Amino acid sequence: MFQNWGFLLSEIWGLLLLAALLGLFAGWLIWARQRTEVITDQSETERLRAELEACGKQGQKLSERVAELESALAEKEMSEPVPLAGPVEMSRPASLEAPRSGKPDDLKLIKGVGPVLEELCHKLGYFHFDQIAEWTASEIAWVDENLEGFKGRVTRDEWVIQARDLAAGKPSRLSSAN
């Protein structure tokens, strides 16, 4: 019969050991790859969280800017006289016989009003910024039509906006722009 049983058994055990080691190595490679993917997924998650946070901050800044612009627009709309559209019924604004307390405001602080226009306004009974600031669209149309030699100046030079600023004790936004 066969006489080298020892060699055959040692060869079988050696091959089994080699197969076990090869299996462990293959398992380690597979496990390590899965571990790398988990780490990659975590770093991807962190990157996405950071990007989301950056977008959130940018969105907050943009929302603040939108609110700021909406506020400025609302303020601008409130400070402008009603625009004249088409034929407007004209009505004379309330006037005074003389300036209150005997002293008129310096209407020349309104851009576009010089000494001649100031005198013309006084002749029409307009001495104070608060009078001009309260003019409506129909009153603006009347004054524009009745400023002899200066028709349209109230609208063109935006007197009402400037008068509102000056009546409130603020410098006129328009007179400082030019």
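Only a predicted model underlies this, so the values are computations on that prediction, with no experimental measurement involved.
- Rounded to the nearest 0.5 Å, atoms CG (Asp144) and CZ (Arg156) are 7.5 Å apart.
- Shortest non-hydrogen contact noted between Asp157 and Gln162 is O-NE2, 2.5 Å.
- For the pair Leu107 and Phe129, the minimum side-chain heavy-atom distance is below 4.5 Å.
- Cluster membership check: Leu17 does not share its hydrophobic cluster with Ile12, using side-chain heavy-atom separations under 4.5 Å among Ile, Leu, Val, Met, Phe, Trp and Tyr.
- The two residues Lys151 and Glu145 make their nearest non-hydrogen contact at CE-O, 3.3 Å.
- Within 6.0 Å of atom CZ in Arg47, more than 12 heavy atoms from other residues, nucleotides or ligands are found, so the atom counts as buried in its surroundings.
- Comment: Arg92 does not engage Glu139 in a salt bridge, judged by the lack of any side-chain N to carboxylate O separation of less than 4.0 angstrom.
- Checked against the 6.0 Å centroid threshold, Tyr126 and Trp159 do not count as a close aromatic pair.
- With hydrogens and angles ignored, the 3.5 Å screen pairs a side-chain donor or acceptor of Ser10 with a backbone N or O of Phe7.
- A heavy-atom distance below 4.5 Å is not found between the side chains of Trp28 and Leu24.
- Using a 4.0 Å cut-off between charged side-chain N and carboxylate O, Glu53 and Lys57 make a salt bridge.
- The cluster map of Ile, Leu, Val, Met, Phe, Trp and Tyr, joined by side-chain heavy atoms under 4.5 Å apart, puts Phe127 and Leu120 in different clusters.
- Between Ile132 and the options Leu166, Ile110, Asp105, a side chain to side chain contact (heavy atoms under 4.5 Å, CB included) holds for only Ile110.
- Atom CG of Leu15 is separated from atom CG of Leu22 by 11.5 Å, given to the nearest 0.5 angstrom.
- Here the shortest heavy-atom pairing between Glu89 and Ser138 reads O-CB, 2.6 Å.
- In this structure, Ser63 contributes its side chain and Gly59 its backbone to a donor-acceptor pair below 3.5 Å.
- For the atom pair Trp13 CH2 and Glu11 CD, the distance stands at 14.5 Å (nearest 0.5 Å).
- For the atom pair CD of Glu68 and CZ of Arg65, the computed distance is 4.5 Å after rounding to the nearest 0.5 Å.
- Atom CG of Leu16 sits about 11.0 Å away from atom CG of Leu21, to the nearest 0.5 Å.
- Leu117 contributes atom CG, which lies 5.5 Å from atom CZ of Arg153 (distance to the nearest 0.5 angstrom).
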*asked:* His128 vs Leu96, test: side-chain contact (heavy atoms from CB on, under 4.5 Å). Steps then yes/no.
replied: CA-CA 9 Å; His128 303 285; Leu96 301 172; 3.7 Å; yes
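- No single ILVMFWY cluster, assembled from side-chain heavy atoms under 4.5 Å apart, contains both Leu18 and Leu8.
- Ion pairing between Glu64 and Lys61 fails under the 4.0 Å rule for side-chain N and carboxylate O.
- Under 4.0 Å is where a charged nitrogen must lie from a carboxylate oxygen, and between Glu119 and Lys123 no such pair does.
- Of the possible polar contacts, none joining the Gln131 side chain to the Pro93 backbone as a donor-acceptor pair under 3.5 Å is found.
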